[in-house]
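To keep things clear, I will list the structure first and then write my remarks on it.
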Amino acid sequence: AYTFTICIKILGRAGRFDEARALWRQMQEFCEPDVVAYSTLMDVLCFAGRLNEARELLKQMKSRQCRPDYVVYNILIHKYGDSGNVDAAWEVWKEMEADGCVPNVVTFTSLINALCNGSKVDEALGLLDEMVERGHLPNLCTYNSLIGGLLKSTRLEEAQNFLQFLLTCGCEKPTSFTYNLFIDYYGKNGKSDEAYEAFLEMKRKGISPDVVSFNVCIDSLGRAGRIEEANALFKEMRERGVSPDVITYNVMICSYGKAGKVDEAIHLFSQMIGNGCEPDAVTFNTLIDIHYKRDRIDEAWKMFKKMQEMNLHPTIVTYNILVNGLGKDGSVNEAVDLFHEMKKRGCMPNVITYNSILDCLCKNNKVDLAFKMMDDMTENGCRPD
RNA sequence: GCCCGGCACUUUCCUAGC
């Protein structure tokens with residue numbers, strides 16, 4: 001069961017879900033799966049977004065008198081919370097307690113995190129109190145979730161209070177995770193100086209910046225158009241032995257794009273390939289957008305072709321960039337065609353797609369078509385904003 | 001008793017608005 005579990009986990013992480021399931025079947029011929037095996041498969045199924053199968057597995061466990069432990073429930077709660085379905089997460093929580101299984105720190109943190117992501121920070125803070133009342137000690141993950149939630153609601157002072165608490169009274173000291181939250185917050189809110197200051201503060205506290213620290217800090221400088229300083233950090237990270245990842249390159253490319261330095265962006269793209277870093281869909285989306293916005297339309301479509309040659313599927317964002325680009329330069333029919341094309345390819349338009357196409361239709365006096373599009377929009381469960 | 005297989009926290013791309 002040991003060996004099988006490890007293999008199932010590896011397959012799952014690699015996105016080879018059906019093989020993981022097949023191995024699971026094979027395993028049952030050899031031995032009865034234990035709780036850990038169940039939870040591993042549960043995690044794989046949830047990771048794949050196959051929640052119904054995950055629920056089914058939970059039922060199966062119970063019927064085979066393998067008592068689910070808290071990990072099994074935690075995985076489900078986390079997944080529901082992650083997909084924004086806090087109510088379903090609570091349902092699982094209730095089921096868990098009804099089955100005589102006690103929620104632990106991870107259970108609480110998963111839900112706190114879900115509430116924070118849904119901008120229900122006050123409920124999250126309430127849950128923190130309840131957790132303490134029930135005798136569970138919040139840990140660093142719990143506090144990081146809360147700090148992230150507070151920052152998302154721009155409640156900076158409360159977030160800083162938690163940081164102070166961690167620095168002075170908490171038994172777990174803050175890590176790069178904690179500081180990254182602050183750096184990111186400042187960067188996203190146009191405070192690149194403060195972001196950089198938080199980055200320095202973290203170093204002063206003896207915490208080594210990790211790849212995410214550099215990524216968020218570079219991003220904040222890039223947003224502010226401080227491309228030279230972003231580039232300096234890009235250099236610094238390598239000097240410190242922190243390897244840039246695909247996100248680092250994406251952020252750098254995007255920063256150069258914002259600064260209008262298209263050639264440098266393209267250069268970075270070749271550099272990343274040269275360094276063995278595989279571009280992903282975001283890389284291409286970023287480049288396509290840069291090209292389109294600089295009226296290098298042929299180049300944009302070349303990139304679109306190239307990404308498919310590299311077996312990267314266009315995402316909703318790819319189509320949005322192209323639909324928007326076509327609309328902006330007056331190619332109304334082409335924009336509408338692509339709009340239908342994306343649906344045909346199984347990529348459902350979202351609000352952004354509709355806004356782009358409506359904007360283009362209205363500006364080109366195709367009001368009747370625009371109204372038809374509005375209907376189409378509501379039919380697709382997208383409400384006009 | 002400890003370690004050995006399972007769970008929770010941070011980053012990038014697109015519209016319009018601010």
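Residue numbers begin at 1 in each chain, while the letters A, B, ... track the order of the sequences.
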(Q) Using a heavy-atom cut-off of 4.0 Å across all strands, would you classify A/Val106 as base, sugar-phosphate, or nothing? (A) base

Q: Rounded off to whole Å, could you give me the CE-to-P distance for the A/Met131 and B/C9 pair?
A: 14 Å

Q. With respect to the side chain of A/Val71, which nucleotide from B/G5, B/G6, B/U10 is positioned closest?
A. B/G6

Q.
What contact category does A/Lys152 fall into here, base, sugar-phosphate, or nothing, at under 4.0 angstrom with non-hydrogen atoms?
A. nothing

Q: Would you sort out whether A/Asn324 and A/Tyr292 count as a side-chain hydrogen bond (donor to acceptor under 3.5 Å, both in side chains), showing the intermediate values?
A: CA-CA 9 Å; A/Asn324 182 56; A/Tyr292 233 111; over 6 Å; no

Q. What nucleic acid atoms does A/Asn139 come within less than 4.0 Å of, heavy atoms only: base, sugar-phosphate, or nothing?
A. base

Q | Spacing between A/Tyr292 atom OH and B/C13 atom C1', to the nearest angstrom | A | 17 Å

(Q) Show me the dot-bracket string of RNA chain B, counting Watson-Crick or G-U pairs under 3.5 Å, with | for pairs to another strand and [ ] for crossing ones. (A) ..................

Q) Between B/C14 atom P and A/Leu322 atom CG, what is the distance in whole Å? A) 13 Å

Q: Scan A/Leu181 against the nucleic acid and name what it touches under 4.0 Å (heavy atoms): base, sugar-phosphate only, or nothing.
A: sugar-phosphate

Q. For the pair made of CH2 in A/Trp24 and C1' in B/G5, what is the distance, rounded to whole Å?
A. 13 Å

Q.
Base of B/G6, side chain of A/Thr40 - is there a donor-acceptor contact under 3.5 Å?
A. no

Q: Could you check if a side-chain atom of A/Tyr38 sits within less than 4.5 angstrom of a side-chain atom of A/Leu58, using non-hydrogen atoms only?
A: no

(Q) It should be established whether A/Arg223 places a side-chain nitrogen or oxygen under 4.0 Å from OP1 or OP2 of nucleotide B/C13. (A) yes

Q: Please check the phosphate of B/A16 (OP1 and OP2 only) for any side-chain N or O of A/Lys363 closer than 4.0 Å.
A: no

**Q.** Whole-Å distance separating the CE atom of A/Met307 from the P atom of B/C14
**A.** 14 Å

**Q.** From B/C13, B/U15, B/C7, nucleotide with atom closest to A/Lys328 side chain
**A.** B/U15

(Q) Show every salt bridge (charged side-chain N to carboxylate O under 4.0 Å, His left out) that has at least one partner inside residues 270-279 of chain A, sequence neighbours left out. (A) none

(Q) At less than 4.0 Å, is any side-chain N or O atom of A/Lys9 found next to OP1 or OP2 of B/G6? Yes or no. (A) yes

(Q) Using a 4.0 Å heavy-atom cut-off, does A/Asn113 contact any base of the nucleic acid, only the sugar-phosphate backbone, or nothing at all? (A) sugar-phosphate

Q: From the options B/U15, B/G6, B/C9, select the nucleotide whose nearest atom is closest to the side chain of A/Ile352.
A: B/U15

Q. What nucleotide, of B/C14, B/G6, B/U12, holds the atom closest to the side chain of A/Asp219?
A. B/U12

Q. At under 4.0 Å between heavy atoms, what does A/Val251 touch on the DNA or RNA strands: base, sugar-phosphate, or nothing?
A. sugar-phosphate

Q. Taking atom P of B/G6 as reference, at what distance in whole Å does atom CG of A/Asn74 sit?
A. 15 Å

Q: Report yes or no: is the cationic atom of A/Arg238 (NZ for Lys, CZ for Arg) under 6.0 Å from the centre of the six-membered ring of A/Phe234, at an angle within 45° of the ring normal?
A: yes

Q. What nucleic acid atoms does A/Asp69 come within less than 4.0 Å of, heavy atoms only: base, sugar-phosphate, or nothing?
A. base

Q: Could you list the residues that satisfy side-chain contact (heavy atoms from CB on, under 4.5 Å) with A/Lys205, not counting sequence neighbours?
A: A/Leu167, A/Tyr179, A/Glu201, A/Ile207

(Q) Can you measure A/Asp289 atom CG to B/C14 atom P for me and round it to whole angstrom units? (A) 6 Å

Q | Flag side-chain contact, heavy atom, 4.5 Å: A/Tyr354 against A/Asp376 | A | yes

Q) According to the 5.5 Å centroid and 30° plane-angle thresholds, does A/Phe177 stack upon the nucleobase of B/C9? A) yes

**Q.** Side-chain H-bond candidate by donor/acceptor type, A/Asn85 with A/Ser83, under 3.5 Å
**A.** no

Q.
Applying a 4.0 Å non-hydrogen cut-off, can you work out what A/Ser356 is touching in the nucleic acid: base, sugar-phosphate, or nothing?
A. sugar-phosphate

Q) Is any N or O donor-acceptor pair between the side chain of A/Tyr2 and the base of B/C4 shorter than 3.5 Å? A) yes

Q.
By the 4.0 Å heavy-atom rule, please label A/Thr5 as base, sugar-phosphate, or nothing.
A. base

Q.
Categorize A/Asp280 for me: base, sugar-phosphate, or nothing, with a 4.0 angstrom heavy-atom threshold over every strand shown.
A. nothing

Q.
Considering every strand and a 4.0 Å limit on heavy-atom distances, what is the contact class for A/Lys188: base, sugar-phosphate, or nothing?
A. sugar-phosphate

Q: Would you mind reporting whether A/Arg296 and A/Ile290 have side-chain heavy atoms less than 4.5 Å apart?
A: no

Q | For atom CG of A/Leu150 and atom P of B/U10, their distance in whole Å | A | 14 Å

Q. Between A/Tyr143 and A/Phe165, how do the two ring planes meet: parallel, tilted or perpendicular, split at 30° and 60°?
A. tilted

Q: Please determine, for the side chain of A/Asn285, which listed nucleotide (B/C13, B/A8, B/A16) has the closest atom?
A: B/C13

Q) Contact class for A/Lys293 (heavy atom, under 4.0 Å): base, sugar-phosphate, or nothing? A) sugar-phosphate

Q: Determine whether the side chains of A/Thr353 and A/Asn350 contain a donor N or O and an acceptor N or O closer than 3.5 Å.
A: yes

